[in-house]
There are 2 protein chains.
Amino acid sequence: MPTPTRPTRLTDLKRAAILEAAIDEFRSAGYEATSMDRIAARAEVSKRTVYNHFPSKEVLFIEIMHQLWEASREGEELVYRPDLPLRDQLLELVGHKMRLLHGEAFVSLARVAIAAAIHSPERAQAMVARMNEREEGLTVWLRAAAADGRLKIDDPVFAAHQLQGLVKTFAFWPQITLGQPPLRPRERKRVAESAVDMFLAWYA
Amino acid sequence: MPTPTRPTRLTDLKRAAILEAAIDEFRSAGYEATSMDRIAARAEVSKRTVYNHFPSKEVLFIEIMHQLWEASREGEELVYRPDLPLRDQLLELVGHKMRLLHGEAFVSLARVAIAAAIHSPERAQAMVARMNEREEGLTVWLRAAAADGRLKIDDPVFAAHQLQGLVKTFAFWPQITLGQPPLRPRERKRVAESAVDMFLAWYA
DNA sequence: AGGAAACTACACCGAGCAGTGTAATTTCTC
DNA sequence: GAGAAATTACACTGCTCGGTGTAGTTTCCT
């Protein structure tokens with residue numbers, strides 16, 4: 001065997017099964033309505049084993065949030081290129097964002113996180129901060145394009161929110177709050193192009 | 001006395017106190033995490049009295065949804081006027097929408113409803129339908145303007161969503177999901193004008 | 001092979017939950 | 001002032017939950 005004896009330890013399989021089951025339960029029922037018994041049953045694991053891996057429901061939940069957060073990274077930044085058309089670059093940026101928005105891990109994270117944030121003002125703030133971090137990419141691109149004189153933008157943060165709003169109203173909020181299916185490729189293309197064109201019509 | 005003996009019946013006061021307390025609890029804690037005992041305590045009313053007015057938690061919740069829904073109406077429709085500038089009319093429409101979005105009743109409703117919808121696909125659909133009803137106003141206005149030849153819009157529903165997205169990304173979603181404070185008048189003006197200008201730059 | 005580590009079934013605890021029944025007290029209405 | 005209606009305190013049912021303790025079994029590692 002290539003790898004000695006690592007990958008298939010029982011305890012690791014159990015732990016993975018618990019996490020997978022917990023994600024499913026939390027996502028479909030929310031934090032409050034999910035019980036440790038249900039998680040154990042779904043993972044086909046003793047309830048005691050769940051508590052041997054995770055000392056409490058809260059810790060298990062936080063662990064899942066971390067895991068989904070990391071899983072939804074995978075984002076290399078796009079940098080501003082003075083030599084390429086704005087429209088092409090923006091389409092690339094928006095397309096990249098939409099691919100992230102429709103990732104399984106990201107949707108799971110967002111649904112659970114937003115459901116939790118709605119009723120916990122303290123936790124909400126931390127999530128805001130981190131979510132906004134991830135949206136920085138577009139802002140810096142806009143700032144660079146403005147500094148280069150190719151966009152008439154005085155407030156890149158505001159403008160970035162506008163462009164994101166144009167996209168999220170189709171490709172994020174309906175999926176998160178209403179469980180609607182992700183956009184099909186044709187729809188994604190239309191949303192992206194229409195958003196970028198409208199944006200450039202005003203700011204270019 | 002002008003009004004004979006109507007307004008201050010004890011049973012009406014109790015009922016009102018229960019509804020008020022229930023709204024507070026549901027809004028801040030969500031449906032699952034709110035208990036009838038807490039509602040009774042907050043309303044300074046016997047738990048039994050709560051059940052004398054409302055046969056179950058579910059019925060009480062639905063009653064509240066109805067009440068908030070009605071309270072957030074107050075919306076007269078704006079009709080398309082061929083003789084007035086598009087920008088003025090759209091600003092009026094958007095301003096009207098933002099006033100609704102920031103109403104106390106509407107925010108309460110939306111927070112509770114969305115929190116409930118996130119984990120209940122069946123209920124979510126009904127809410128979508130009714131929410132979209134209320135967004136019809138802008139769509140018909142756009143359709144009229146397009147038919148009049150003053151806007152180059154082939155899909156008014158899509159375009160209406162875009163304009164709404166431009167507004168909601170500042171004036172709705174942050175308030176609902178993150179509990180952020182409503183926009184100040186200056187910010188509202190800026191969001192509305194910028195959204196309308198960008199919209200018209202592309203579709204006019 | 002043998003000891004350590006992990007897993008399991010199961011019983012249990014204390015708490016909170018939605019909802020009910022009742023008998024006594026207060027309030028309304030005429 | 002009398003009868004009806006509403007409110008109250010309180011006890012109670014049946015259920016679910018998060019979490020623990022235990023004793024026996026299985027799996028891992030050397």
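Chain identifiers are assigned alphabetically (A, B, ...) following the order of the sequence lines, protein sequences preceding nucleic acid strands; residue numbering begins at 1 within each chain.
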Ring centre gap for B/Trp202 and A/Trp202 strictly below 6.0 Å: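 Ring centres of A/Trp202 and B/Trp202 not closer than 6.0 Å.
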
Check: A/Phe170 ring centroid to B/Phe158 ring centroid under 6.0 Å: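 Yes; B/Phe158 has its ring centre under 6.0 Å from that of A/Phe170.
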
Using whole Å, report how far [atom1] of [X] lies from [atom2] of [N].
X	N	atom1	atom2	answer
A/Asp12	D/dC28	CG	P	10 Å
B/Arg15	D/dT7	CZ	P	10 Å
B/Leu13	C/dT26	CG	C1'	15 Å
B/Met36	D/dT13	CE	P	21 Å
A/Asp37	D/dT20	CG	P	14 Å
B/Phe54	D/dT7	CZ	P	11 Å
B/Glu32	C/dA18	CD	C1'	12 Å
B/Ile39	C/dA18	CD1	P	8 Å

Closest to the B/Arg48 side chain, choosing from D/dG18, C/dG19, D/dT8: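 For the B/Arg48 side chain, the nearest candidate turns out to be D/dT8.
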
Counting only side-chain heavy atoms from C-beta out, which of D/dT8, C/dG19, D/dG18 sits nearest to B/Tyr51?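 The answer is C/dG19.
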
Determine: side-chain N/O of [X] to OP1/OP2 of [N], distance under 4.0 Å, yes or no.
X	N	value
A/His53	C/dC7	yes
B/Thr11	D/dA5	no
B/Lys14	D/dT8	yes
B/Ser46	D/dT7	no

When the ring planes of A/Tyr31 and A/Phe61 are compared, do they come out parallel, tilted or perpendicular, using 30° and 60° as the limits?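 Perpendicular.
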
So, under a plain 3.5 Å distance rule, would you say the side chain of B/Lys47 forms a donor-acceptor pair with the base of C/dG19?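 Donor-acceptor pair under 3.5 Å: yes.
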
salt_bridge(A/Arg190, B/Asp155) N-O dist < 4.0 Å: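 Counted as a salt bridge, because a side-chain N and a carboxylate O are separated by less than 4.0 Å.
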
Check B/Glu32 with B/Lys57, please: is the shortest side-chain N to carboxylate O separation under 4.0 Å?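 Looking at B/Glu32 together with B/Lys57, the answer is no, because their closest N to O distance does not fall below 4.0 Å.
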
Remember a base hit wins even if backbone is also touched, and classify B/Thr49 as base, sugar-phosphate or nothing at under 4.0 Å, heavy atoms.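 The residue B/Thr49 makes base contact.
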
